[in-house]
Amino acid sequence: MSRGEAGGHALDIDELTRVYGDSRALDGLTLHIRPGELVALLGPSGCGKTTALRIVAGLDEATSGTVSVAGVDLHRTPANRRDMGMVFQAYSLFPHLTVLDNVAFGLKMRGRGKRERRDRAAQMLELVGLAAYADRYATELSGGQQQRVALARALAIEPRVLLLDEPLSALDAKVRIQLRDEIRRVQSEVGTTTLLVTHDQEEALAVADRVAVMSRGRLEQVAAPAQLYANPATPFVADFVGLNNKVPAHVSGGRATLLGVGVPTLPGSVAHGVGTARVRPESLTVTGDPAGSATVASVAFLGAISRVAITLADGLTLTAQMPSSAARRLAPGDRVTVGVQPDGVLVVRD
Amino acid sequence: MTVGARWTRRVLWVGFGLFFLFPLYAMADFSTRSRDGRTVQAWANLVHDEALYDAIAASVLLAVLTVAGMLTLLVPTMIWVRLRARWARRLVEFFCLLPLTIPALVIVVGLRNVYLWVTYLLGESALTLAFVYVVVVLPFAYRALDASLSAVDLRTLTEAARSLGAGWFTATLQVVVPNIWPGMVSAAFISTAVVLGEYTIASLSGYQTLPVQIVLLGKSDGPTSVAASLATLVFGFVLLSALSLLTRRRRSTASVAR
């Protein structure tokens, strides 16, 4: 079964609310995940994404709302009977057990025979490329290796849903990217329905079939990564997913005029009048022009791409992103003209 | 390490070794001395003297019961407080450390009425002292266990175990306990040492435990009394070594796919 193609939902989260004293960590979260799909819950710290994951796992209780797997309400099912594999943000391998014993632990809890446990654990370690480390202890592994073992351990029990609670956040950048790709590969191979919690928009966009953006306990938008990036439904999504420039715009007849260029507006934009357009750095065009009214403030080299800060005649500062080969021709103080590519933009009244 | 530092270290080792071992040597010497040379009579009395033998047996049993009671009471409580009732942590710590501040005499007087019921229900055995001793060892055991629990990410480990299918009891027994084992061993050893050396409460309560018997013997048979004291110290040392060895072996022989 290919991802996300089956009918029905593997995981249903309906009107989930969690109140701590006076604050609402979750405020009516509703999300439906199809079998085999990988959905990323994306949002800033404190937006309620981890709370939602913990309630799904049975490690926390909802104030109201339901969590169902394959149509069965899990309200009264304790965490140990939910059949959900979980990878935690903190290293969670059992220090007193070897890697193989760690992976076999869930099978032992299910009363599987010693031989079956060993074979299945070895198979899972093979899947994450750590078969050679079976006899080592957790303390003898690097952070990335520990998280791969944790992934193997969570998958060994053949969970109905795999829950990943910011599994990459404790790792350094290079390992994070490697493991991110590894998670996507393993999840695709195994086909387990997966809910990933992350605050890293790049990570969410890179691995997820769909991304659910959360803010203040509520869902802002759920969409495929490309759609989310191109068509943000709310200013929050536009700001959070990608670095955005706020440019004054005038809207009329479904088109916005900004920086002297007319572009179509996205759904959710103001219908008429003045607003602020969210323009992505890569949507801005910068052309060297001695007669231009804008000035290059700084050029930041980021490898293949560069970020160029530009100050407009009215004092507004914008950030443009372009290939480093093009940015090499620009230097602070250069006069330039700034335009915008004819993509759809979200225009809101701030 | 420089030559000077190495020699300083050796001198300190020898100095401290002599400081600790000399009294033990003196005790061994005194307990084996007689007018006609050397004798092991005092040591033989440890087994042959019925009152002393009974006192040793009572104290060893008391130590076992105290350790069992202390671990049963304290380990689940401390785990539960850390996982589910963090607000109660200071309160539990306060109650556990409280016995340190109360003189043994006050404890005996305070417990007299309670012990009327204990002796009425369980008889006048010295083993009933285990109830008091569990309270007396709490401050020492609490510190050992607290240090051990602080060294592990208890919440993540238990949650990981539960997500893999372990209930609370299994998660505690198969995941938490092995990871705080050194702390449990330390708590058990300290408790054993406290019980084997506790004199005041046992004496004031009228029970014949090893320390009480040693003091009694000291008035009539010095060498046997010293032999019993030395045996207690050696027993403690052997116990510590055995438990330490056991802990190390558990770690090194943790087998694949148990």
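Hydrogens, waters and symmetry mates play no part in the numbers below; they use all other heavy atoms, side chains included. First the proteins, then the strands, lettered A, B, ... as listed; each starts at 1.
- Annotation: B:R155, atom CZ; neighbour count of heavy atoms from other residues, nucleotides and ligands within 6.0 Å does not exceed 12.
- Within 6.0 Å of the CZ atom in B:F169, the count of heavy atoms belonging to other residues, nucleotides or ligands does not exceed 12.
- Between the side chain of A:H96 and the backbone N or O of B:I180 there is no donor-acceptor pair closer than 3.5 Å.
- Neither the backbone nor the side chain of A:R81 comes within contact range of chain B; no heavy atoms are under 4.5 Å apart.
- Between B:L157 and A:S92 the shortest heavy-atom distance is CD2-O, 3.8 Å.
- Closest of all the heavy-atom pairs between A:F105 and B:A166 is CE2-CB, 4.2 Å.
- Using a 4.5 Å cut-off between heavy atoms, B:T170 touches chain A through its side chain atoms alone.
- Nearest heavy atom pair, residue B:L164 against residue A:M109, reads O-CB, 3.7 Å.
- Proximity to chain A (any heavy atom under 4.5 Å) is shown, for B:A161, by both the backbone and the side chain.
- No part of A:A57 comes within reach of chain B, as not one of its non-hydrogen atoms sits under 4.5 angstrom from that chain.
- Side-chain contact between A:L97 and B:P178 is absent, with no heavy atoms from C-beta onward closer than 4.5 Å.
- Enclosure of atom CD in A:E189 by more than 12 non-hydrogen atoms of other residues, nucleotides or ligands within 6.0 angstrom is indicated.
- Note on A:L59, A:N102, A:I157: by heavy-atom pairs under 4.5 Å with chain B, the leading option is A:L59.
- Among residues 132-154 of chain B, the residues having any heavy atom closer than 4.5 Å to a heavy atom of chain A are, in sequence order, B:D153.
- With a 4.5 Å cut-off on non-hydrogen atoms, A:L93 touches chain B through its backbone but not through its side chain.
- In this structure, the portion of A:F88 lying under 4.5 Å from any heavy atom of chain B is its side chain and not its backbone.
- A 6.0 Å sphere centred on CD of A:E140 holds more than 12 heavy atoms belonging to other residues, nucleotides or ligands.
- A:F94 CZ to B:Q174 CD: the interatomic distance, rounded to the nearest 0.5 Å, is 9.5 Å.
- Annotation for B:G167 and A:N80: closest pair CA-ND2, 3.5 Å, computed over non-hydrogen atoms.
- Looking at A:R115, there are no atoms closer than 4.5 Å to chain B (heavy atoms on both sides), in backbone or side chain.
- Separation of atoms OG (B:S163) and CZ (A:R54) is listed at 10.5 Å; rounding is to 0.5 Å.
- Listed options A:M86, A:Q89, A:R110, A:R82 were ranked by heavy-atom pairs under 4.5 angstrom with chain B; first place goes to A:R110.
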